[in-house]
Amino acid sequence: MNSPVESTQHSTVVVAGHGMVGHRFVEALRSRDETGRWRVVVLSEEKRAAYDRVGLSSYIGAWDAAALALPGNEYPGDELVELRLGQRAETVDRAARTVTTCTGETIGYDALVLATGSYPFVPPVPGSEHPGCFVYRTIDDLDGIRSAAAAAGSGAHGVVIGGGLLGLEAANALRLLGLTPHVVEYNDRLMPAQVDEGGGAILQKLVTDIGLQVHTGVATASIDQVAAADGPSTLRVNLSDDSSIDAALVVFSAGVRPRDRIARAAGLDIGPRGGVLTDLGLLTSDPDIYAIGECAAIEGVCYGLVAPGYTTAEIVADRLLGGAGEFPGADMSTKLKLLGVDVASFGDAHGSTEGALSVVLHDAAKGTYAKLVVSDDAQILLGGILVGDATAYSALRPLVGRPLPAEPASLISPTGAELGADALPLDAQICSCNNVSKGAICGAITEGACDIPGIKSCTGAGTSCGGCVPVIKKLLEQSGVAMSKALCEHFTQSRAELFQIVQVTGIRTFSGLISKYGTGSGCDICKPTIASILASTSSEHILDGEQAALQDTNDHFLANLQKNGTYSVVPRMPGGEVTAEQLITIGEVAKEFGLYVKVTGGQRIDLFGARVEQLPRIWQRLVDAGMESGHAYGKSLRTVKSCVGSTWCRYGQQDSVGMAVLLEKRYRGLRSPHKLKLAVSGCARECAEARGKDVGVIATENGWNLYVGGNGGLTPTHAVLLASDLDDQTLITYIDRYLMFYIRTADRLQRTAPWQESLAGGIDYVRQVICQDSLGIAEELEAAMAEHIAGYRDEWAAVLEDEEKLSRFVSFVNAPDEADPTISFDDSGERKVPVLLGIPEVMPAAATATRGK
């Protein structure tokens with residue numbers, strides 16, 4: 001929490017609410033208020049700073065609240081922002097211009113911004129107050145649902161009241177928690193606000209196929225608490241058709257209502273359907289009070305999406321600094337993936353415009369539904385609905401209200417016209433979340449932004465939901481900006497193209513490849529890249545023949561070079577397992593060679609301080625003890641981290657250690673564009689931190705959830721769910737395909753997270769390739785992995801059997817028996833440290849003081 005700031009030199013704006021929109025307002029005001037005119041006091045009901053409520057469902061499985069936190073949500077170092085967590089705005093005294101908080105403190109304001117959002121609507125159903133009844137709105141709500149689901153046990157039934165967007169998200173949450181979900185919807189179809197009858201029918205079939213039980217056209221009459229003979233009591237949900245469902249818990253997700261309680265109590269005008277009534281400038285009936293986001297009824301209308309909420313925040317920030325911004329209206333289009341099913345709705349989706357015509361393509365066999373709503377002359381696009389396949393959404397939505405570039409049916413037909421970004425006018429809105437036009441993106445490209453990260457940085461497009469990224473990529477392709485795919489000055493081809501060339505031609509040397517497809521003699525970029533490709537496409541030893549000269553220092557000596565010229569030794573411990581005899585050998589080796597020993601974050605033991613000529617002798621001892629190279633030096637698989645799983649842990653649902661050992665032995669030695677890290681967690685508590693890995697596996701009651709594309713490093717990225725509840729064989733098959741597809745198509749030194757983001761369609765495209773074999777290459781990818789597994793041999797064991805390879809491990813070629821005299825250590829303290837040029841490499845002062853204690 002920030003410290004209070006004296007307000008004598010500043011006007012004070014109090015922000016009541018710290019959700020996504022409230023945070024956006026603070027950011028917008030502070031970024032524009034160059035003179036420090038406004039001091040900001042933010043009152044947050046929750047004890048957590050602003051987080052991504054739109055992405056709330058991603059909390060399921062990871063259970064990492066920090067991952068949802070919005071960047072800069074605590075305003076560190078900003079003395080003009082005071083954030084008060086857990087202090088809800090309770091009452092407003094308009095005459096005195098003060099806000100009283102739930103703690104009884106009174107705060108004066110010059111301007112008040114109401115950002116109180118909305119609250120979940122719970123219908124007046126008798127019994128809705130019983131324990132076991134929840135809403136689906138906050139992290140705390142999900143924690144409560146999680147506890148109830150754990151107490152009920154796998155397979156128990158859960159009921160969601162409401163079949164809209166949030167209702168289906170809640171149902172998916174119950175499914176991921178191991179429950180059997182039922183969805184009760186009063187209307188005759190799911191998501192009635194977004195889809196029509198035809199789209200609802202396809203949607204219901206698709207979600208039923210994956211385990212949801214759907215009850216439409218019925219209301220919830222009452223909820224009774226039923227005592228069980230043994231175990232906890234259950235809830236009986238009685239429906240209006242006289243049927244009932246016995247469930248362990250009930251989640252209400254029947255819509256939201258604007259939180260206008262304190263506005264009503266303060267005497268502010270309220271909209272006809274609730275919400276704080278405002279004009280287009282977001283000003284309420286009090287000239288010192290504004291309302292933004294879901295609590296605002298702009299000229300009587302409340303908007304429940306984050307994009308228009310962000311717009312209101314920007315407008316009020318502008319107004320407080322003397323501007324005259326007005327609300328331009330809202331694009332209520334939505335593109336969602338619910339339980340793996342694409343759903344999109346845009347414009348006048350239901351054809352309410354007079355004279356509107358509908359063009360529908362309904363393919364029940366493929367499970368897709370597409371509808372375009374057009375003007376009476378079929379020339380203007382008015383809206384549309386896409387279910388099952390929403391790939392056309394990003395190109396169609398910006399055309400709403402504009403002439404169609406082709407015949408309507410052809411735009412949704414699989415064999416019809418492809419709608420390119422060049423068909424969009426410059427004022428077409430590409431990013432609805434951040435209100436970024438095609439013209440703004442093209443302008444950024446002209447100014448030098450020539451990739452997706454550059455566009456995001458310059459315009460903000462693609463930084464929220466990411467649905468516009470495919471169109472941005474098309475604009476980049478059509479912009480005329482020369483985006484070189486060349487690996488380096490010696491090869492005009494990309495790494496992926498060179499990989500294909502090696503595969504097709506069978507060329508097995510760098511000299512052969514550069515003489516035919518490149519120029520010059522190579523460099524420190526292309527040589528190790530080609531070496532990696534050659535290693536990925538065969539089981540030849542990396543120190544065989546010409547390949548040895550291509551390797552960087554670490555691969556050349558099969559060890560990591562440290563700062564004082566020594567090397568580290570890391571034996572493989574699959575899944576973190578190690579025998580007592582192997583531990584004894586490691587200890588003996590460390591003692592004999594005077595090595596520094598450290599347990600790594602990847603559940604292995606690292607031995608530091610080995611001189612190059614000692615490496616063969618060290619590895620001979622380790623190999624004799626049955627240990628292999630851990631490949632800590634290579635762009636290859638490093639570790640497969642695991643918890644103890646169901647073997648030992650009372651919470652474990654699957655044998656995570658056994659799976660981790662299997663995966664590590666399967667993929668050991670696999671060379672790739674960058675290092676690879678995997679992890680297997682035995683339950684949703686996620687002790688192995690699987691969602692921070694390139695491939696993460698998390699056990700469920702029904703099998704395994706597979707996450708991909710997680711990275712640590714300078715830009716940490718959480719892995720995203722690829723597939724759920726997989727059996728062992730399907731899990732391994734998908735990982736085989738994913739890793740080999742990445743190895744074939746990624747750029748040089750590109751980790752899995754940026755690789756996934758760079759693909760058109762992102763994780764959806766990856767899922768189609770890996771799980772649905774959309775490219776028809778699954779068998780080929782599996783065969784390539786099988787070839788690697790069959791050809792694997794420990795690199796250090798091979799070195800120890802080859803006198804020519806052993807001859808490399810010397811400090812001086814002309815004096816092979818001499819050690820490097822410049823290498824020394826300081827072991828006078830508790831910890832052995834390297835000495836650089838005669839100066840010990842000591843710890844920082846603070847750390848040294850701690851160690852001394």
Side-chain angles (χ1 to χ4, degrees), residues 536 539 570-579 582 600 602-605 626-632 634 636-649 651-672 675-684 686-708 710 719 721-743 752 770-771 778 781-795 797:
S536 298
S539 299
V570 185
R572 185 173 299 286
M573 295 180 179
E577 281 192 335
V578 63
T579 66
Q582 289 170 340
T600 73
Q603 297 180 328
R604 303 195 292 192
I605 293 177
M627 307 191 81
E628 297 181 345
S629 166
H631 282 92
S636 57
L637 176 72
R638 297 293 178 87
T639 66
V640 182
K641 188 175 181 180
S642 77
C643 62
V644 295
S646 59
T647 310
W648 294 90
C649 178
Y651 300 113
Q653 293 181 305
Q654 304 290 345
D655 179 11
S656 58
V657 177
M659 179 57 69
V661 171
L662 187 157
L663 295 179
E664 186 156 348
K665 289 184 175 180
R666 186 174 184 83
Y667 304 124
R668 58 190 172 181
L670 181 65
R671 298 281 167 165
S672 59
K675 63 186 175 184
L676 292 168
K677 295 183 179 182
L678 281 66
V680 184
S681 285
C683 72
E686 249 284 71
C687 292
E689 301 168 330
R691 288 193 66 195
K693 309 300 182 187
D694 298 279
V695 175
V697 179
I698 301 177
T700 70
E701 185 71 22
N702 301 315
W704 306 96
N705 284 353
L706 175 58
Y707 293 83
V708 293
L721 185 66
L722 183 70
S724 303
D725 293 334
L726 304 177
D727 58 54
D728 289 5
Q729 186 54 56
T730 304
L731 172 73
I732 293 167
T733 298
Y734 284 178
I735 298 176
D736 283 357
R737 296 176 183 176
Y738 177 81
L739 291 177
M740 198 53 69
F741 186 50
Y742 161 67
I743 289 170
T752 53
I770 303 306
C771 305
L781 297 175
E782 293 170 25
M785 186 61 76
E787 183 178 350
H788 159 74
I789 295 166
Y792 168 78
R793 189 182 180 203
D794 177 41
E795 288 177 350

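The structure presented is a predicted model; accordingly, all values stated were derived computationally and were not measured. Here, residue 1 is the first one in the sequence, and each next residue gets the next number.
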Value for CZ (R671) from CD1 (I743), rounded to nearest 0.5 Å, stands at 11.0 Å
So, do V578 and I605 sit near enough that their side-chain heavy atoms are less than 4.5 Å apart? no
Pairs satisfying salt bridge (Lys or Arg N to Asp or Glu O under 4.0 Å), at least one member in residues 570-579, at least two apart: R572-E664
Taking R604 for the side chain and V570 for the main chain, is one N or O donor matched with an acceptor at less than 3.5 Å? no
Can you tell me if S656 uses its side chain to pair, donor with acceptor, with the backbone of S642 under 3.5 Å? no
Beyond-backbone contact of T752 with V708, side-chain heavy atoms, under 4.5 angstrom: no
For K641, check salt bridge (Lys or Arg N to Asp or Glu O under 4.0 Å) against everything at least two apart and list the hits. E689
Nearest heavy atoms of L721 and A723, plus distance in Å: CD1-O, 3.5 Å
Output a table of donor-acceptor pairs, distance under 3.5 Å, between side-chain atoms of residues 675-684 and any protein atom two or more places apart or on a different chain; print 'none' if there are none.
residue	atom	partner	partner atom	Å
S681	OG	E686	OE1	2.5
S681	OG	A688	N	3.1

Salt bridge (Lys or Arg N to Asp or Glu O under 4.0 Å) against E628, all qualifying residues, sequence neighbours excluded: R668
Quick one: CH2 on W704 to CD on Q654, what's the gap to the nearest 0.5 Å? 5.0 Å
Heavy atoms of S672 and S536 approach each other most closely as N-OG, 4.1 Å
With heavy-atom distances below 4.5 Å as the criterion, would you say the side chains of L663 and V697 are in contact? yes
Could you state the interatomic distance from CD1 (I770) to OH (Y742), rounded to the nearest 0.5 Å? 13.5 Å
Rounded to the nearest 0.5 Å, how far apart are CZ of F741 and CE of M785? 13.5 Å
What residue pairs, at least two apart or across chains, pass salt bridge (Lys or Arg N to Asp or Glu O under 4.0 Å) with a residue in residues 725-741? R666-D736, R737-E782
Please examine the side chains of R691 and I698, heavy atoms only from C-beta on, and report whether any two atoms are closer than 4.5 Å. yes
Tell me, please, which residues at least two apart from A719 pass side chain to side chain contact (heavy atoms under 4.5 Å, CB included). Y707
Could you walk me through whether D655 and T647 pass the side-chain hydrogen bond (donor to acceptor under 3.5 Å, both in side chains) test, one step at a time? CA-CA 6 Å; D655 179 11; T647 310; 3.3 Å; yes
Using the side-chain contact (heavy atoms from CB on, under 4.5 Å) rule, take C771 and L722 through it: C-alpha gap first, then chi angles, then the decisive distance, then the call. CA-CA 8 Å; C771 305; L722 183 70; 4.1 Å; yes
Which atom of P574 lies closest to which atom of K665, heavy atoms considered: CG-CE, 4.1 Å
With a 4.5 Å cut-off on side-chain heavy atoms, are L670 and H631 touching? no
